[in-house]
Every structure is written in C-alpha cells, then in structure tokens.
Amino acid sequence: MAGHSKFKNIMHRKGAQDKKRSNLFSKLSREITVAAKMGMPDPDMNPRLRLAVNAAKAQSMPKDNIQRAIDKASANDGDNYEEVRYEGYGPGGSAIIVEALTDNRNRTATNIRTAFSKNGGNLGTEGSVAHGFERLGLIVYPADAGDEEKVLEAALEAGAEDIASSDDGHEIWTAPDDLHAVAEALEKSLGSAETVKLAWKPNLTVDMDEKNAGTLLKLIDALDDDDDVQTVWGNYDISDEVMEKIEA
C-alpha cells in the first residue's frame, strides 16, 4: 500500500499557492458558496460544504470569511457559477486537467486556451486526457501527523484504498464515494487533514527534464493565476534535482 510520494509534483506546488493568499481565499470562498447553494447551508448536513469549509480552515482562512461565503449562498446573492473541466497537453508530453468554477464559460475557455498556447501546451477536448487518470478521494496529512506505520494503520482501519508516505507528508487515497466517511474516521485518530478533496490521480507519470519542467511550471502558474481556476492536476513528475536547477 505505501509508496514514495510524488503528489507534491502532481498537484501544483502548494508553496506557490501560499504566496497568493487573497487569490486562494477567493477560490475557496467560491467553492464554499457553490457547495452551500447545491445543498444545505449547514456543513454537518452537506458533505461537499464540509469539505470546502475544512479546506478553507486548512489554509487559515478566517471564520468570518467562511461564514460570509455561506451567507452569500443562503441569500441567493452573487453570480451563478458552474463547474467546468478542461483537458489539455503540456510540455514534454504531459497531460493536464483543469477544474474551474465560472459564471462565464466563454471568458474562462479563452483564458485557459491562451495560457496553454503561450506556455508550450495545447488545449484539448473534454475526455482527451482524463482516460489516463483515475477519479479518487484524496486526504493529505503533514509528516508530523505520525510515522508511516501509525498513519497506515489508521488509514486501513478507516477504509482507505492506498497510502503514500514521504518526508513531505502522507497521501491517503480512497474510493470517491468513501471520501467523506474515511476523512471523518481519520480525523478522530489523526486530527484535521491538510487536504480532503476529490482528485485526479494519473495512472502513469511522465518525467520532466529541466527545459520542459520550466515551461510546464509557467503554464501551471498561468492557470493558477486565473480567478476561475480551482485546481490544476497533471501526470508529470519533476525530480528534486531538476526542481533545484529551476529554482536556482
């Protein structure tokens, strides 16, 4: 079950997102509002909203901001957002999935297409790369949540399907329908998770050399900078050695 973690490279670098707090809070707020509109405005009665609130708390989003986002949905205030998925190809044969919440499909599609074309990629049609990924639930804990044996035991007892531990932390994978139940069980034994969400896990990863990795990260930064983009997933793997050269 356990294995070396590559997730730090597969979901875009968390550190880069942490530098954009206002942008990140805006995206978290949008997800909370959409989740609250789709179900009950009570996190205890709405699993998706509970995930969104937990994700916001994990990023130290103030309680007032979280409540405002919920209230916005309850008041039926603001724009009506819809979920859209874009798929495309990045440098070095990488495959990219972009999840967005938008109130204007034309604007978002134009921005996504531009980001791909300016950074060595091509936007494909829906389904063009998703077949190379598996839709799973993902729960991420920091390394200090416990050693690999402790987390593995807790994950097995909670009903998880797979776990990968490394110096960066622990990734626990579940069937999509089991995500909420496993997350709740793990919270009792390990505390609050850093991340609890539905994810796109690649069946195979593609190693990036220095040239392609640099261009790819520019593409992902451009996508992340778009207000409508919620999450960027990919099947790329950038070694620590290549990452050090890029960041030097």
Side-chain angles (χ1 to χ4, degrees), residues 3-20 23-24 27 31 55 83-102 108-109 111-140 162 164 166 168-174 176 194-247:
H4 177 69
S5 167
K6 292 180 183 286
F7 186 70
K8 63 186 168 107
N9 289 327
I10 293 167
M11 183 180 175
H12 183 43
R13 297 159 300 158
K14 182 172 175 292
Q17 291 184 332
D18 286 345
K19 295 172 185 173
K20 310 168 186 174
N23 189 24
L24 183 58
K27 295 183 182 195
E31 170 60 23
E83 295 175 286
V84 190
R85 187 177 83 233
Y86 301 93
E87 302 175 32
Y89 300 92
S94 57
I96 307 292
I97 295 178
V98 181
E99 293 179 312
L101 287 173
T102 180
T108 307
N111 291 346
I112 301 294
R113 186 176 291 107
T114 300
F116 271 91
S117 63
K118 284 187 174 180
N119 295 282
N122 291 290
L123 185 63
T125 57
E126 187 170 338
S128 58
V129 304
H131 58 83
F133 293 76
E134 193 174 359
R135 190 63 161 161
L136 295 171
L138 173 66
I139 304 162
V140 179
D162 196 9
S166 74
D168 299 309
H170 309 278
E171 301 152 22
I172 298 159
W173 297 91
T174 77
E194 278 186 347
T195 299
V196 180
K197 68 195 309 176
L198 287 171
W200 291 95
K201 184 180 183 183
N203 297 324
L204 295 170
T205 56
V206 178
D207 290 329
M208 293 285 114
D209 59 24
E210 186 178 346
K211 179 185 175 183
N212 284 320
T215 307
L216 173 66
L217 293 179
K218 287 178 183 177
L219 167 60
I220 296 171
D221 279 336
L223 292 169
D224 265 337
D225 283 341
D226 192 286
D227 290 340
D228 297 333
V229 172
Q230 293 294 105
T231 320
V232 181
W233 306 94
N235 69 343
Y236 56 89
D237 183 42
I238 304 173
S239 70
D240 291 338
E241 292 78 13
V242 169
M243 190 66 85
E244 285 172 10
K245 289 178 182 177
I246 294 170
E247 294 177 342

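Because only heavy atoms are used, hydrogens play no part in the values below, and waters and symmetry mates are left out as well, while side chains stay in.
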Undergrad: Quick check: does any side chain N or O of Lys27 sit under 3.5 Å from a backbone N or O of Asp224, one acting as donor and the other as acceptor?
TA: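 Checking the backbone N and O of Asp224 against the side chain of Lys27, a donor-acceptor pair under 3.5 Å is found.
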Undergrad: Which heavy-atom pair separates Tyr89 from Ser128 by the least distance, and what is that distance?
TA: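 Residues Tyr89 and Ser128, closest heavy atoms: OH-O, 3.2 Å.
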Undergrad: Let me confirm one number: the OG1-CD distance from Thr215 to Glu210, rounded to the nearest 0.5 Å.
TA: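 Taking OG1 in Thr215 and CD in Glu210, the distance rounds to 10.5 Å.
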Undergrad: Among Val98, Thr102, Asn111, find the one that has a side chain to side chain contact (heavy atoms under 4.5 Å, CB included) with Asp226.
TA: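 Option passing the side chain to side chain contact (heavy atoms under 4.5 Å, CB included) with Asp226: Asn111.
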Undergrad: Work out which heavy atom in Leu123 is nearest to a heavy atom in Ala109; give both atom names and the distance.
TA: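 Result for this residue pair: CD2-O, 4.4 Å.
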Undergrad: Can you name the closest pair of heavy atoms from Gly127 and Glu87 and give their distance?
TA: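 Closest approach of Gly127 to Glu87, heavy atoms only: N-OE2, 2.8 Å.
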Undergrad: Atom CZ in Arg85, atom CH2 in Trp233: separation rounded to 0.5 Å?
TA: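 It comes to 13.0 Å.
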Undergrad: If you take all heavy atoms of Pro176 and Leu136, which pair is closest and at what distance?
TA: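 Residues Pro176 and Leu136, closest heavy atoms: CG-CA, 4.1 Å.
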Undergrad: Please report the interatomic distance NE2(His170) to CD(Glu194), rounded to the nearest 0.5 Å.
TA: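 His170 atom NE2 to Glu194 atom CD measures 10.0 Å (nearest 0.5 Å).
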Undergrad: Does the side chain of Ile97 come within less than 4.5 Å of Tyr86's, by heavy atoms?
TA: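 No, too far: nothing below the 4.5 Å cut-off.
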Undergrad: Does any part of the side chain of Asp162, heavy atoms only, come nearer than 4.5 Å to the side chain of Lys201, both counted from C-beta?
TA: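 With C-beta onward as the side chain, the pair touches.
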Undergrad: So, for Gly234 and Pro202, which heavy atoms are closest and what is the spacing to 0.1 Å?
TA: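 Closest pair (atom of Gly234, atom of Pro202, distance): O-CG, 3.9 Å.
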Undergrad: If you define the side chain from C-beta out and look only at heavy atoms, does anything of Ile96 sit under 4.5 Å from Leu223?
TA: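 Yes, side chains in contact.
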Undergrad: What I'd like to find out is whether the side chain of Tyr236 reaches to under 4.5 Å of the side chain of Pro91, using heavy atoms alone.
TA: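 When only atoms from C-beta onward are counted, Pro91 and Tyr236 do not touch, as no gap falls below 4.5 Å.
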Undergrad: Hey, is the main chain of Val242 close enough, under 3.5 Å, to the side chain of Ser239 for a donor-acceptor pair?
TA: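 Confirmed, Ser239 side chain pairs with Val242 backbone.
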Undergrad: Would you say that Glu99 contacts Trp200 through its side chain, given a criterion of any heavy-atom pair below 4.5 Å between the two side chains?
TA: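 Yes; the side chains approach each other to less than 4.5 Å.
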Undergrad: Side-chain donor-acceptor pair under 3.5 Å between Asp228 and Thr108, yes or no?
TA: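 There is such a pair (donor and acceptor under 3.5 Å, judged by atom type) between the side chains of Asp228 and Thr108.
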Undergrad: If we ignore hydrogens and angles and just use 3.5 Å, is the side chain of Gln230 paired with the main-chain N or O of Leu101 as donor and acceptor?
TA: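 Such a contact is absent between Gln230 side chain and Leu101 backbone.
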Undergrad: Can any side-chain N or O of Asn212 pair as donor or acceptor with the backbone N or O of Met208 at less than 3.5 Å?
TA: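 No, the answer is negative, given that no donor and acceptor are paired below the 3.5 Å cut-off.
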Undergrad: Would you check if Val129 and Asn235 make a side-chain contact, meaning some heavy-atom pair closer than 4.5 Å?
TA: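 No, every pair of side-chain atoms sits at 4.5 Å or beyond.
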Undergrad: Walk me through whether Ile238 and Leu217 qualify under side-chain contact (heavy atoms from CB on, under 4.5 Å).
TA: CA-CA 10 Å; Ile238 304 173; Leu217 293 179; 3.9 Å; yes
Undergrad: Quick check: closest heavy atoms across Gly90 and Leu219, and the distance to 0.1 Å?
TA: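 Nearest heavy atoms, Gly90 then Leu219: CA-CD2, 4.1 Å.
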